[in-house]
Amino acid sequence: MCAEVEETLKRIQTHKGVIGTIVVNAEGIPIRTTLDNSTTVQYAGLLHQLTMKARSTVRDIDPQNDLTFLRIRSKKHEIMVAPDKEYMLIVIQNPSE
Amino acid sequence: TEMAPTVTRSQPNRAYLGCSGTGASCPGCASHKSPSTAKSETYISLSQVLDENGKDVTPRPVYQPDPAAVQSKHSKIFASDTSGGTMSDFYSTTYQTTTNASFAGAFTRSLFGSGSVSIGSQSIMESMSEEIEDPSSKRDNSISLSDVQVKREEVKELIQEEMLDDMVDLYLVESDTLCLLDMPAISVSVDSMEAESVKERNSRYTELCKNRTGNDKYMGRSMQTFNGASKTKEVQSEAITMADAATIANNWDMYDSFCSAGQGEVDLSTDTDKAMSSSSSRMEMEPFVVPSESKPDPELILQSEEFQQHLFVMERIILENIYQPKLAAYRQLPTLEGMVLLKCWNHVTEQLSKQKRLRREESSLDEEGPPTPALERLWSFSCELTTGRNVSSMAWNKRNPDLLAVGYGQFAFKDQKPGLVCCWSLKNPSWPERIFTCQSGVTALDFSASSASMLAVGMHDGTIATYNVQSREKTPVIDSSDCVHKHTSPVWQVRWINHERALSGEDKGEALISVSADGRISKWFLRKGLDCIDLMKLKRTRNDRFKRQVGEKERKSEALISRQAPGLCFDFHPTDSNIYLAGTEEGHIHKCSCSYNEQFLETYQAHKGPLYRITWSPFCSDVFLSCSSDWTIQLWRQDLFTPVLGFMSTQRAVYDVMWSPKWATVFGAVNEGRMEIWDLGASILDPTIVNPASPGVKLTSLLFATETDCVLVGDSDGQVSVYQLKNFTAGEGTQDVSILQPPMRLVKSMSADRRRLGLFWFYIENKNV
């Protein structure tokens, strides 16, 4: 089970255009990251707030609904966030590369 | 008499506990035994205070654990007996030694509500200060107050949990009447019993008042009340820190607390009030709940199911980003990119020089006519596991048209290695969804139609196994290696066939049919294990035609190594599931029926080498195609024993041929060096589109996609490339099967003049039309 997770993580990191992969726990402490610490902490903090807001928005409209995935496409990159109660998985990709 | 505003200490009717003044400043003070002892006394013990009459007027502490504390009556005893400055200083210092603002806060109200300062209160402060300095007791006090409340609530909860289903009897009784305020009326009703006495009293009083003025009995005196000198007292308390707490009760917040409070499934709209009250009661409880959950271990997070699921989804999304234009082209959605240059593949580009080819491309771009059909390579399914392996078979899932099963196994006997079956999904072209390793090379695959997750696999050592692709298990559901009648040679094709009509008492439904190089076509079923019966044994047939041609004396029959011809392929009739065609290594095509397992119905002989594929046309039920290693593809009609059309484009063995599921006249073929798409409506001599293989790589299998215009080609390097057919205009009259008829008539009329057709028809030359 653990080997499959490691393999999938490695595959994700080697896909075309992927700039970085971050896994942080609920407190914002990085568990796995391929970027440097300051960038990781910055991403984790900012995206945590955004995810909270997004989740609040989704649930306000329908409390039985919940946020499953968040994608932010910007001019340079695409940031993809898979939020969860205990952790957050963030991948930054440059799709046009 | 008037009271002096100054303080005098010699009044006997004053009781005082002690004073902070020194002996000099307070000469009459009985408590001044010595300054230090006096002070220590005041700090240490709360002595009795007796006034002149010996009554015990010891001030009792205002603060008691019982909230309904009785306020001691200071005002009676303590006039302004204090020296203003020092006492106030003392108070302030005492006060400042306290650290508990809230504690003193409770005090200030009671003590200093009135403007007068009293020694008694000082003593209280002193006595309390010792308690104040003990912080734990203070805290205990404060906690005990609310603790009591908590306990009460907790007890209530316990009861609720344990005895939910019990019948609870509630008794309503009237409590005692508490009189809070009683203001008796000063007027009495005329009808009441006391009316008479009251009236009498009233009249007596009026008489008295009348008589008073000149009477000697009454004398006026004046009185003066004592006014105690008031004194202002300042006190300073510590700043009361205020904290703002705010919460927004979101829609979902209420829903969450409602659900977790276990109220059951009730409509949200009607119970929002209840939810709010329950959540607010929970808020009160929260400060006392000690968080007992430990933070999840990072390793546990990484191994959890949800993380795996999230990774899975994330990978697919990343790949969607990468492959989005290709996937959109596959799905025939309009792509966002600009004009794509058409690469015009001409079937004679190999023979032209480079300049000529360029000129031709330019001219074809310039002309106004319809663009020529072309192939565009979209992507290829491959990963590190599959490189170097030979793709032997491919099959689409019958229920999910995005799921592709690819079998990897070598064809030749000498370089056998363990086989592999990968299930690829369109959403992830870089890693297969399922990987199954088999002990020997995989040579045939088919998905079942009735149970869409069953995949039948035929292998090079004759084993047939079925896998369940839904589960994550790596082992087959069932294997034929224990079967007595299993195949002893490579299984070259497996197919799930739906028999609508029951044959000889067998169950209706789907059956697995396989053909193998040991010359048997077997039908497999599950009866206490996988077992098979033979539908047909492919006997060797001698080539009688050639013998007759030679016209010589009959040669002796050759010694045959085995009486059975290895079967390489078969195909069941699309409408009549009783009839099927089987191709052998000898080059014969046998038409057989499931009802007869001894004899062939017909034999079609034309090929000179092993037949690799036979397929019925999905549109025209009489027509089928066959391809073989003698470099040709033959088009047959069921009732004619010589092929109607033959196609040859290169001198390479044709490994695979497949009719297009969309156009009646189109089929694709794969030989070693290239992939060809033939359109019989356009040309019967040359393929319409030719795609050469990369150097060093042999193309081995072909599959049309059912819902889009795409073709999949597997090669000997383990890659399955997806090509899109562009500008294919065979779309007009696709379903019109009669298109197939003219070419046949054409051939019939032209067969007399063979020379015009050239080399292509050499196998028809002996036929009598």
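Labels below follow one simple rule: chain letters A, B, ... track the order of the sequence lines, proteins then strands, and each chain is numbered from 1. Note that these values count all heavy atoms, side chains included, but never hydrogens, waters or copies made by symmetry. Fair warning: this is a prediction, and the values are worked out from it, not measured in the lab.
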Q) How many angstroms lie between CG in A/Leu89 and CD in B/Glu306, if you round to the nearest 0.5 Å? A) 12.5 Å

Q) How long is the span from the CZ atom in A/Arg71 to the CE atom in B/Met314, to the nearest 0.5 Å? A) 9.5 Å

Q. Where does B/Arg316 contact chain A at under 4.5 Å (heavy atoms): side chain, backbone, both or neither?
A. neither

Q.
Within a 6.0 Å radius of atom NZ on B/Lys417, are there more than 12 heavy atoms belonging to other residues, nucleotides or ligands?
A. yes

Q.
Could you report the tightest heavy-atom contact between B/Trp252 and A/Pro63, atom names first, then the distance?
A. CA-CB, 4.0 Å

Q | Interatomic distance, B/Phe312 atom CZ to A/Glu4 atom CD [nearest 0.5 angstrom] | A | 10.0 Å

Q.
Counting heavy-atom pairs under 4.5 Å with chain B, which one of A/Ile29, A/Asp60, A/Val23, A/Asp62 comes out on top?
A. A/Asp60

Q | Sub-4.5 Å side-chain heavy-atom contact between A/Thr8 and B/Gln308 | A | no

Q | Gap separating the CD atom of B/Gln309 from the CG atom of A/Asp84, nearest 0.5 angstrom | A | 11.0 Å

Q) Roughly how far apart are A/Ile12 CD1 and B/Ile317 CD1, rounded to 0.5 Å? A) 10.0 Å

**Q.** Least distance between heavy atoms, B/Asn321 atom then A/Gln93 atom
**A.** ND2-OE1, 2.8 Å

(Q) Between A/Arg59 and B/Asp253, does any NZ, NE, NH1 or NH2 come within less than 4.0 Å of an OD or OE carboxylate oxygen? (A) no

Q. With only heavy atoms counted, which part of A/Val91 is less than 4.5 Å from chain B, the side chain, the backbone, both or neither?
A. both

Q.
Quick check on B/Gln439: does its CD atom have over 12 non-hydrogen neighbours (other residues, nucleotides or ligands) under 6.0 Å away?
A. yes

(Q) How about NE2 on A/His77, more than 12 heavy atoms from neighbouring residues, nucleotides or ligands closer than 6.0 Å, or not? (A) yes

**Q.** Region of A/Ile31 in contact with chain B, defined by heavy-atom distances below 4.5 Å
**A.** side chain

Q.
I need the B/Trp431 CH2 to A/Arg11 CZ distance, nearest 0.5 Å.
A. 5.5 Å

Q.
Between A/Val5 and B/Phe307, is there a side-chain heavy-atom distance shorter than 4.5 Å?
A. yes

Q: Apply side chain to side chain contact (heavy atoms under 4.5 Å, CB included) to the pair B/Val313 and A/Phe69, showing each step before the final yes or no.
A: CA-CA 9 Å; B/Val313 173; A/Phe69 208 88; 4.2 Å; yes

**Q.** Atom group of A/Ser56 that falls short of 4.5 Å from chain B, counting heavy atoms
**A.** both

Q) For A/Glu7, is it the side chain, the backbone, both, or neither that has a heavy atom closer than 4.5 Å to a heavy atom of chain B? A) side chain

Q. Considering all heavy atoms of both residues, which atom of A/Ala82 and which atom of B/His310 are nearest to each other, and what is their separation?
A. CB-CD2, 3.6 Å

Q: Would you check if A/Pro95 and B/Ile322 make a side-chain contact, meaning some heavy-atom pair closer than 4.5 Å?
A: no

